[in-house]
Amino acid sequence: MNSVLPENLSLPEVAEALNIRLRDVRTLISEHKLLATRPVGPLVVTSDQLIEEDGQWKVLGNLRGTLILLADSGFSDDEAHNWLHREDAELGKTPMEALRNGEHRAVRRIASSLAY
């Protein structure tokens, strides 16, 4: 498949990419499996939260634990989004890039030190 998704996806676009119902996308968001923000207008999900496996789009599996940790640490969805996409000196990349590379333990170690 090797298709490319736009950087930001509307919730209906996420549903289409994952081949699920819109209400299931909302469930994924409420269960902290996906992070939706509202930069301007309707909610969007960044495409880096999805990975392509065997020709199908799936939710990045190790994202949930990090999203829960950030929420429990007092981060709003916008703050979590900003943190995930800002380069971290210790990681040498953004936390989202590290998660996509399977480095969830390092990301969570750093995130756990951010609680306020």
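All heavy atoms count here, side chains included; hydrogens, waters and symmetry mates do not. FYI, the numbering just counts along the sequence from 1.
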Are the side chains of [X] and [Y] in touch, meaning some heavy atoms are under 4.5 Å apart?
X     : Y      : answer
Trp83 : Ile110 : yes
Thr46 : Leu84  : no
Thr94 : Asp88  : no

Leu9 vs Glu16, side-chain contact (heavy atoms from CB on, under 4.5 Å): CA-CA, chis, key distance, verdict: CA-CA 10 Å; Leu9 301 166; Glu16 183 178 333; over 6 Å; no

From [atom1] ([X]) to [atom2] ([Y]), nearest 0.5 Å:
X      : Y      : atom1 : atom2 : answer
Leu28  : Arg64  : CG    : CZ    : 10.0 Å
Leu18  : Trp57  : CG    : CH2   : 9.5 Å
Ser113 : Glu90  : OG    : CD    : 7.5 Å
Leu69  : Leu114 : CG    : CG    : 8.5 Å
Ile68  : Ser73  : CD1   : OG    : 11.5 Å
Leu43  : Ile29  : CG    : CD1   : 6.0 Å

Any side-chain donor near an acceptor of the partner, Ser76 and Asp78, under 3.5 Å: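 There is no such pair (donor and acceptor under 3.5 Å, judged by atom type) between the side chains of Ser76 and Asp78.
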
Where Arg86 and Pro95 come nearest, the two heavy atoms and their spacing: O-CD, 3.1 Å

Residue pairs, two or more places apart or on separate chains, that pass salt bridge (Lys or Arg N to Asp or Glu O under 4.0 Å) and touch residues 24-41: Arg21-Asp24, Glu31-Lys33

Got a donor-acceptor contact below 3.5 angstrom from the [X] side chain to the [Y] backbone?
X     : Y     : value
Ser47 : Pro6  : yes
Gln49 : Leu35 : yes
Gln56 : Glu53 : no
Asn62 : Leu99 : yes

Set of residues satisfying ring pair (Phe, Tyr, Trp, His ring centres under 6.0 Å) with respect to His81, sequence neighbours excluded: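 So His81 forms a ring pair (Phe, Tyr, Trp, His ring centres under 6.0 Å) with His85.
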
Joint hydrophobic cluster, Leu60 plus Phe75, side-chain heavy atoms closer than 4.5 Å: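 Same cluster.
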
Arg100/Ile51 under side-chain contact (heavy atoms from CB on, under 4.5 Å): CA gap, chis, key distance, verdict: CA-CA 8 Å; Arg100 290 182 63 84; Ile51 56 169; 3.5 Å; yes

Pairing residues for Lys93 by the salt bridge (Lys or Arg N to Asp or Glu O under 4.0 Å) criterion, not counting sequence neighbours: Glu103

side-chain contact (heavy atoms from CB on, under 4.5 Å) between Leu50 and Leu34, intermediate numbers included: CA-CA 9 Å; Leu50 305 179; Leu34 283 175; 4.2 Å; yes

Restricting to side-chain contact (heavy atoms from CB on, under 4.5 Å), what partner residues turn up for [X], sequence neighbours left out?
X      : answer
Glu7   : none
Pro39  : Thr37, Val44
Pro12  : Ser10, Leu22
Ala106 : Leu91, Arg109

Contacts of Arg108 that satisfy side chain to side chain donor-acceptor pair (under 3.5 Å) - sequence neighbours left out: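 Thr66.
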
